[in-house]
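Worksheet: one structure, shown below.
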Amino acid sequence: QVNLVESGGGLVQAGGSLRLSCAASGRTFSSYASGWFRQAPGKEREFVAAISKTGGITRYVDSVKGRFTISKDNAKNTMYLQMNSLKPEDTAVYYCAADPVSTSRVQAGLSPYWGQGTQVTVSS
């Protein structure tokens with residue numbers, strides 16, 4: 001079992017940047033594929049990015065490609081989401097997720113482990 005805690009959310013102007021962190025406790029992060037999802041008010045939860053256990057494979061939703069970068073530091077048991085060129089439509093609660101099997105399961109939203117979320121608000 002792994003516990004996930006997100007941090008780094010906040011209020012930023014359009015065009016600005018934020019870096020989200022997801023700290024894992026329990027088993028080491030190297031045992032999990034992991035990723036980020038987001039949910040805006042009145043909308044369904046949306047996949048944002050995923051990264052493999054070793055960090056060698058990454059996947060992104062088209063709307064964030066070229067602006068967001070997912071990474072992980074297994075030694076620190078932490079995953080990151082660097083968000084640049086933020087837009088008002090990026091406003092949402094961002095959740096991290098971890099799966100012991102595969103990046104594909106993360107992307108499909110099948111991860112058994114989820115954090116509580118961190119709010120990101122982008123003002124125009």
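FYI, side chains are in, hydrogens and waters are out, and symmetry mates aren't considered; it's all heavy atoms of this structure.
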In Å, rounded to the nearest 0.5 Å, how long is the span from CD1 of Ile57 to CD1 of Ile51? 10.0 Å

Donor-acceptor check, side chain of Thr78 to backbone of Lys76, threshold 3.5 angstrom: yes or no? yes

I'd like to check the side-chain hydrogen bond (donor to acceptor under 3.5 Å, both in side chains) partners of Ser30; sequence neighbours left out, ordered by chain and number. Thr28

Among pairs that include at least one residue of residues 99-122, which meet salt bridge (Lys or Arg N to Asp or Glu O under 4.0 Å), considering only residues two or more places apart or in two chains? Asp99-Arg105

Minimum heavy-atom separation for Val2 to Ala98, with atom names? CG1-CB, 4.3 Å

Sequence neighbours left out, what pairs pass disulfide (SG to SG under 2.5 Å) with at least one residue falling in residues 45-93? none

Which ring-ring contact (aromatic ring centres under 6.0 Å, His included) pairs, counting each pair once, include a residue from residues 41-74, with sequence neighbours left out? Phe37-Phe47

What's the spacing between Gln119 CD and Leu11 CG if we round to 0.5 Å? 9.5 Å

Applying side chain to side chain contact (heavy atoms under 4.5 Å, CB included) to Tyr80 and Asp73, what does each step give before you reach the verdict? CA-CA 8 Å; Tyr80 305 97; Asp73 185 336; 4.1 Å; yes

Main chain of Ser7, side chain of Thr118: is a donor-acceptor contact present, judged purely on distance under 3.5 Å? no

Would you please name every residue forming a side-chain hydrogen bond (donor to acceptor under 3.5 Å, both in side chains) with Ser17, sequence neighbours left out? Asn84

Going by the rule ring pair (Phe, Tyr, Trp, His ring centres under 6.0 Å), which residues pair with Tyr95 if we only count those two or more places apart in sequence or in a different chain? none

Which distance, rounded to the nearest 0.5 Å, do you find between the CE of Met79 and the CG of Asn74? 11.0 Å

Arg67: salt bridge (Lys or Arg N to Asp or Glu O under 4.0 Å) partners, not counting sequence neighbours: Asp90

For residues 39-46, which side-chain N or O atoms pair as donor and acceptor with protein atoms under 3.5 Å away, sequence neighbours left out?
residue: Gln39; atom: NE2; partner: Lys43; partner atom: O; Å: 3.1
residue: Glu46; atom: OE1; partner: Arg38; partner atom: NE; Å: 2.7
residue: Glu46; atom: OE1; partner: Arg38; partner atom: NH2; Å: 3.3

Nearest non-hydrogen partners of Thr103 and Ser52, listed with the distance: OG1-CA, 3.3 Å

For residues 35-124, the disulfide (SG to SG under 2.5 Å) pairs (sequence neighbours left out) are Cys22-Cys96

Quick check: do Glu6 and Leu20 have side-chain heavy atoms less than 4.5 Å from each other? no

Hits for side-chain hydrogen bond (donor to acceptor under 3.5 Å, both in side chains) against Lys87, two or more places apart or cross-chain, chain-then-number order -> none

Identify, with sequence neighbours excluded, every residue that meets salt bridge (Lys or Arg N to Asp or Glu O under 4.0 Å) alongside Arg59. none

dist Gln82:CD -> Leu18:CG (nearest 0.5 Å) comes out at 8.5 Å

Which residue pairs pass the ring-ring contact (aromatic ring centres under 6.0 Å, His included) test when at least one of the two sits in residues 13-34, sequence neighbours left out? Tyr32-Tyr113

